[in-house]
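The block underneath contains the structure these notes are about, expressed in structure tokens.
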Amino acid sequence: MRATGVLSGRRGCVAAGLLSACLVLTACSPQRPHRPAGAKRSAAAAATAPTPVGSAASAAASVAVSAAAAPDVSHYYRQRLDWRPCREAASFRCTSVTVPLDYTRPERGDIRLAVVRRPATGPRAARLGSLLLNPGGPGVSAVDDVLSFADGFSPALRAAYDLVGVDPRGVGRSDPVDCGTGTSPAALEAEEDAVGPGSGFALIAGACARSAGRLLPHVGTPDAARDMDVVRALLGDDRLGFLGYSYGSYLGATYAELFPSRVGRMVLDGAVDPGMDAFRATLGMARGYQVAWEAFAADCVPRPGCPVGGSLQDAGRVLDDLVAELDEASREGDGRGVPATGDDLLTAVTSALATPAWGGLRSLLREVQAGDAATRRLLLGTDDAGGPGEQSLAAINCLSSALGPRSTDAQTRAAVPEFRRAAPQFGAYYAGFLPMCAHWPARPTQVPHRISARGAPPILVVGTTRDPATPYDQARALARQLSSGRLLTWDGDGHTAYQQGSRCVDTAVDDYFLHGRLPADGTVCR
């Protein structure tokens with residue numbers, strides 16, 4: 001079966017990098033003045049829940065709530081936060097926030113969100129407020145990300161902002177989706193062999209319906225965006241300062257659609273077009289990884305001892321042969337009890353292409369070619385099927401028709417030739433994700449639609465020209481959709497750009513967060 005543990009985030013892919021793993025937002029005209037992202041507001045204003053505002057007719061049908069129909073949730077905006085030193089690091093502060101399970105029926109009960117904050121290091125008078133970070137996924141913990149990587153931001157950014165991570169509902173430490181499958185990749189593989197394509201997804205869906213059915217309809221992106229507005233107010237910020245990678249950019253775009261007047265300085269890196277349906281996005285991802293593989297091969301071919309041969313054509317054949325060899329060995333049993341499959345290799349390859357870790361990929365391919373048992377055993381660790389991250393990813397993706405593909409088995413089989421033509425080495429692999437949500441017990445609540453977020457201040461979209469997980473054309477599309485969007489381009493490789501080695505990108509993003517200055521229209525970092 002296809003490796004289903006395909007999470008993407010700002011630090012590279014946790015496994016492969018599924019279509020829905022990533023999205024982004026854009027930036028607006030620099031002329032319109034706006035208050036800094038973290039500008040504080042009065043306690044009275046902070047206690048007032050704003051009415052969500054949809055910015056497009058199609059969005060209004062799926063995510064907007066009218067003022068007349070919206071239940072009163074203002075008491076959630078008035079709770080007191082009990083900040084305490086985090087267990088992991090005393091210099092960080094941890095707390096939790098209570099939000100309604102269902103914003104349309106808050107009487108149905110509450111859930112709790114885990115929040116971490118690294119206080120700003122600069123003088124109080126020079127601080128700009130809070131900067132919420134979301135590393136993507138969906139399913140990647142923002143709390144863990146802030147605890148692990150906050151010190152990697154520039155000293156100026158750390159001095160100006162409290163860095164804040166909130167695990168979205170259903171993720172990590174925030175009432176996570178727990179389907180209790182305990183299902184090993186081998187068991188899912190066996191079921192797919194017995195029943196047919198997509199049956200592993202069906203097994204997870206059935207387990208989630210039994211174990212987490214109450215939560216599943218309420219972990220969608222619009223609910224997570226409303227949660228962020230509660231957190232914004234409780235932090236005392238007039239506007240939301242936000243940095244979202246991958247899926248985090250989709251979350252940011254949704255927030256800007258619902259609350260355009262609450263947007264502060266927002267940067268979204270690694271963009272998916274929210275108007276694109278999941279089938280086309282999956283096809284685009286397959287094509288994106290093909291482009292990334294060919295860029296890797298072009299870099300490898302001139303190097304002594306390159307494991308993929310002497311030309312791009314050789315590189316494709318080498319990868320195809322390795323995939324076929326592993327599949328054959330897994331069917332026959334290789335005598336060493338290492339049942340790694342071709343898909344396990346492709347999962348490792350796509351992860352390396354997204355990072356990008358080309359030196360490591362060259363070494364991996366050499367070791368697999370040499371039949372190294374330890375390396376082949378290591379490949380099995382790339383498949384986290386049925387694990388908590390996979391369950392959260394599926395639960396969130398499957399509530400959005402832009403994120404979670406729902407092709408039937410027959411539709412999937414029919415699509416394979418088109419996927420192979422678009423991506424000879426990766427097409428069949430990514431076509432295997434098309435049934436991901438076909439059996440999901442909760443129906444989508446968010447349809448693909450253009451997001452303009454009219455009235456929002458500038459939103460900076462960062463796109464990488466050879467981003468395999470969220471191809472560059474999607475960043476361009478989102479930047480055009482947003483009424484205040486500004487696109488910053490990195491002519492580079494890998495998934496996401498900020499803090500990936502480009503001084504040009506890092507300087508532009510920091511300059512926007514610190515001073516509100518957007519890069520010039522059409523800026524390309526090389």
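Taking CG from L101 and CG from D223, the interatomic distance works out to 8.0 Å, rounded to the nearest 0.5 Å. Summarising the geometry, atom CZ belonging to F149 is positioned 13.5 Å from atom CG belonging to L163; distances are rounded to the nearest 0.5 Å. Separation of atoms OG1 (T412) and CZ (R406) is listed at 13.0 Å; rounding is to 0.5 Å. For the atom pair Q79 CD and T95 OG1, the distance stands at 8.5 Å (nearest 0.5 Å). Once rounded to the nearest 0.5 Å, the distance linking CG of D175 with CG of L113 reads 8.0 Å. With rounding to the nearest 0.5 Å, the separation of CE in M436 from CD1 in I204 is 10.0 Å.
Looking at R78 and S74, their side chains do bring a donor and an acceptor atom within 3.5 Å of each other. For the residue pair T121 / R158, no side-chain donor-acceptor distance below 3.5 Å is found, with atom types taken as modelled. Under the 3.5 Å distance criterion, with hydrogens and angles disregarded, no donor-acceptor pair is assigned to the side chains of H495 and T464. A donor-acceptor pair shorter than 3.5 Å cannot be found between the side chains of S483 and R454.
Heavy-atom minimum distance, R226 versus Y77: O-OH, 4.5 Å. For the pair P168 and S174, the tightest heavy-atom approach, listed with the atom from each and the gap, is O-CB, 3.6 Å. Smallest separation of non-hydrogen atoms from W440 and Q391: CH2-O, 4.5 Å. Taking all atoms of both residues into account, the shortest heavy-atom contact from L215 to G170 is CD2-CA, 4.5 Å. Between S401 and P448, the closest heavy-atom pair is CB-CD, 3.4 Å. Across all non-hydrogen atoms, the minimal contact from T104 to P106 is C-CD, 3.6 Å.
With Y247 as the fixed residue, the side-chain hydrogen bond (donor to acceptor under 3.5 Å, both in side chains) test singles out one of N134, T470, T221: T221.
A 4.5 Å side-chain heavy-atom check between F242 and V267 finds every atom pair outside the cut-off. Side-chain contact check for Y498 versus D510: some heavy-atom pair is nearer than 4.5 Å. Side-chain atoms of F279 and P405, non-hydrogen and from C-beta on, never get closer than 4.5 Å to each other. A 4.5 Å side-chain heavy-atom check between D273 and Q481 finds at least one atom pair inside the cut-off. Residues L235 and L132 are in side-chain contact: their nearest non-hydrogen atoms beyond the backbone lie under 4.5 Å apart. Within the 4.5 Å cutoff, the side chain of C86 has heavy atoms near those of the V116 side chain. Taking the side chain as every heavy atom from C-beta outward, T282 and M285 never approach each other to under 4.5 Å. At least one side-chain heavy atom of E257 sits less than 4.5 Å from a side-chain heavy atom of H449.
Looking only at distances, no side-chain donor or acceptor of S400 sits under 3.5 Å from a matching main-chain atom of I396. Judged by distance alone, with hydrogens and angles left aside, the side-chain atoms of R127 form a donor-acceptor pair with the main-chain N or O of A120 at under 3.5 Å. With Y161 contributing its side chain and G241 its backbone, the two residues share no donor-acceptor pair below 3.5 Å. Looking at R517, its side chain never comes within 3.5 Å of a backbone N or O of L514 through a donor-acceptor pair. Of the possible donor and acceptor atoms, one in the side chain of R265 sits under 3.5 Å from a partner among the backbone N and O of F513. With hydrogens and angles disregarded, a donor-acceptor distance shorter than 3.5 Å links the side chain of T254 to the backbone of Y250. With H218 contributing its side chain and L216 its backbone, the two residues share no donor-acceptor pair below 3.5 Å. Looking only at distances, no side-chain donor or acceptor of D237 sits under 3.5 Å from a matching main-chain atom of L240. With R239 contributing its side chain and V263 its backbone, the two residues share a donor-acceptor pair below 3.5 Å. Remark: the backbone N or O of D269 is not paired with any side-chain donor or acceptor of T496 at under 3.5 angstrom.
Under the salt bridge (charged side-chain N to carboxylate O under 4.0 Å, His left out) criterion, R466 pairs with D491, D493, not counting sequence neighbours. Residues forming a salt bridge (charged side-chain N to carboxylate O under 4.0 Å, His left out) with R443 (at least two apart in sequence, or on another chain): none. Judged as a salt bridge (charged side-chain N to carboxylate O under 4.0 Å, His left out), and not counting sequence neighbours, the contacts of R105 are E107.
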Q: Could you go through the side chain to side chain contact (heavy atoms under 4.5 Å, CB included) check for V164 and L133 one step at a time?
A: CA-CA 6 Å; V164 178; L133 310 174; over 6 Å; no
Q.
Quick one, F92 with V146, criterion side chain to side chain contact (heavy atoms under 4.5 Å, CB included). Give me CA distance, side-chain angles, the key distance, then yes/no.
A. CA-CA 9 Å; F92 291 74; V146 169; 4.0 Å; yes
Q: Determine, step by step, whether R169 and V99 satisfy the side chain to side chain contact (heavy atoms under 4.5 Å, CB included) criterion, reporting the C-alpha distance in whole Å, the side-chain angles of both residues, the deciding distance to 0.1 Å, and the verdict.
A: CA-CA 9 Å; R169 52 175 59 208; V99 292; 3.6 Å; yes
Q | From CA spacing to verdict: salt bridge (Lys or Arg N to Asp or Glu O under 4.0 Å), D277, R280 | A | CA-CA 6 Å; D277 65 67; R280 290 189 298 134; 3.1 Å; yes
Q | Stepwise side chain to side chain contact (heavy atoms under 4.5 Å, CB included) check, D467 with Y472 | A | CA-CA 6 Å; D467 187 325; Y472 177 65; 5.8 Å; no
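With respect to R173 and E88, a salt bridge is recorded, a charged nitrogen being found less than 4.0 Å from a carboxylate O. With salt bridges taken as basic N to acidic carboxylate O contacts below 4.0 Å, none links D473 and R476. Between D151 and R118, at least one side-chain nitrogen of the basic residue sits less than 4.0 Å from a carboxylate oxygen of the acidic one, meeting the salt-bridge criterion. Using a cut-off of 4.0 Å between Lys/Arg side-chain N and Asp/Glu carboxylate O, D82 and R80 are scored as not salt-bridged.
Here Y430 and F433 bring their ring centres to under 6.0 angstrom of each other.
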